[in-house]
Amino acid sequence: AYDAYARVSMAAGINQLLFALGYYSTIVFLSENREMWPACCCAMVFFGSAWMVLRLDLFRSGRVLRRWSLALVAMPLLAVSLIAIEASSFAGHLAGVVDIGVPILYLLHLAWALFLVDV
């Protein structure tokens with residue numbers, strides 16, 4: 001019984017670590033280096049790895065996995081879009097988009113954390 005709890009805890013920890021690394025690399029590439037393609041590639045690698053951890057260690061039914069993989073893709077895309085808007089010269093004109101997008105991103109992450117707890 002303890003082995004199953006350890007496996008779920010390790011999978012959730014690795015998942016959160018991959019999220020942190022994905023967001024950190026995205027911020028470094030977009031904010032400091034002003035490079036969009038390396039930021040997108042790093043985000044795809046880290047978030048794709050997070051999805052594979054979910055798929056391999058915490059396998060649920062195919063329907064549930066497809067639904068949550070959509071949310072897993074939406075989070076980094078929304079974050080990269082918001083950071084790109086904030087770093088661009090159009091930040092003044094699109095400030096309302098960032099103000100609306102950040103709470104949506106937090107709610108998606110809260111839903112993701114609740115999904116991991118539910119597993």
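Please read all numbers here as calculations on a predicted model, not as lab measurements.
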Approximate separation, where rounding is to 0.5 Å, of L21 CG and F47 CZ: 9.5 Å
Single-linkage hydrophobic cluster F46~M10, side-chain heavy atoms < 4.5 angstrom: no
Joint cluster assignment, F19 & V102, ILVMFWY side-chain distance < 4.5 Å: yes
Any residue meeting ring-ring contact (aromatic ring centres under 6.0 Å, His included) with F29, in chain and number order, not counting sequence neighbours: none
Considering all heavy atoms, the nearest L108-M75 contact: CB-CG, 3.6 Å
Single-linkage hydrophobic cluster L18~M44, side-chain heavy atoms < 4.5 angstrom: no
Hydrophobic cluster (4.5 angstrom, side-chain heavy atoms) - remaining members for Y24: V28
